[in-house]
Asker: 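Please find one structure pasted underneath; my questions will follow.
Counting begins at 1 with the first residue of the sequence. Values in this document were obtained by computation on a predicted structure and should not be read as measured data.
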Amino acid sequence: MRKLFLLVVIVMAAITASAQEGIYLGGGISLWRNNDVDKTSFSITPDVGYNLSEKWAVGVELAYTHKGYDEDYKVSTNAFALAPYARYSFYENKIVRLFLDMGFGFSTYKAKHADSVNGFEIGVKPGLAVKLNDNFSFITKVGFAGYRDDYYRNMNGNGFGVALDGENISIGIEYEF
């Protein structure tokens, strides 16, 4: 999995180095400290894509998440994910764009002193982009509709449906070349 992750990063860097119009980079980061249970969590989710037309784009999101406990539990979890998608923009004006990211993701996570678990998801994530200037946009994806099987965002099970909780909201910045 680490070799695959490194290969994807190298390919994305090569594509970005030859930056042509239509390529975009984005993603988000999070850091959270819960003092009640002495838990520190963080994640980084870079995103790269290519605009095929005004309506369609393809891209891939990478994710790394670490959740750790410092006091009683002494359990930490690390997760990696790779999620390619197709983006359909169904409404756009000069500032706002509404879109659907349709795709699938593969993940692996491991808790300390436990076996690693592989999972996947397939589904749709609705999103909103607010143009800040010619190159930068504020991006948010709210919710998930589809199927998950031991995917790192839902480490406790399998199922299908619609989820609008905090684990399925992402906020970030996107830079378009």
Asker: Side chain of T140, backbone of S170: donor and acceptor closer than 3.5 Å?
Answerer: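 Such a contact is found between T140 side chain and S170 backbone.
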Asker: Given 3.5 Å as the limit, does a donor-acceptor pair link the side chain of S137 with the main chain of I139, or not?
Answerer: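 Not at all, since once roles are kept as given, no pair shorter than 3.5 Å links the two residues.
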Asker: State which residue, out of N118, D150, N78, fulfils the side-chain hydrogen bond (donor to acceptor under 3.5 Å, both in side chains) condition with T108.
Answerer: N118
Asker: Report yes if the side chains of F90 and L100 come closer than 4.5 Å at any heavy-atom pair, otherwise no.
Answerer: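 Yes - at least one pair of side-chain heavy atoms lies under 4.5 Å apart.
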Asker: How about Y85 and D47: does a side-chain donor come under 3.5 Å of a side-chain acceptor?
Answerer: yes
Asker: Quick check: closest heavy atoms across A63 and T45, and the distance to 0.1 Å?
Answerer: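 Looks like CB-CG2, 3.7 Å.
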Asker: Would you say the rings of F80 and Y64 are close, in the sense that their centroids are separated by under 6.0 Å?
Answerer: yes
Asker: Should we count CZ of F160 as having more than 12 external heavy atoms under 6.0 Å?
Answerer: no
Asker: Please determine if E176 and R97 form a salt bridge, counting it only when a charged side-chain N lies under 4.0 Å from a carboxylate O.
Answerer: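 Looking at R97 together with E176, the answer is no, because their closest N to O distance does not fall below 4.0 Å.
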Asker: Using 4.0 Å as the upper bound for N to carboxylate O, is an ion pair formed by K110 and D115?
Answerer: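 Result for this pair is no, no salt bridge flagged.
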Asker: Which residue is it: K39, K67, H66? I am looking for the one with a side-chain contact (heavy atoms from CB on, under 4.5 Å) to S76.
Answerer: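 Filter result, single survivor: H66.
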Asker: Could you tell me whether F136 and Y175 have their ring centroids closer than 6.0 angstrom?
Answerer: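 Yes: the rings meet the under 6.0 Å criterion.
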Asker: Establish, yes or no, whether a centroid distance under 6.0 Å links the rings of W56 and Y88.
Answerer: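 Here the rings of Y88 and W56 have centres that are less than 6.0 Å from each other.
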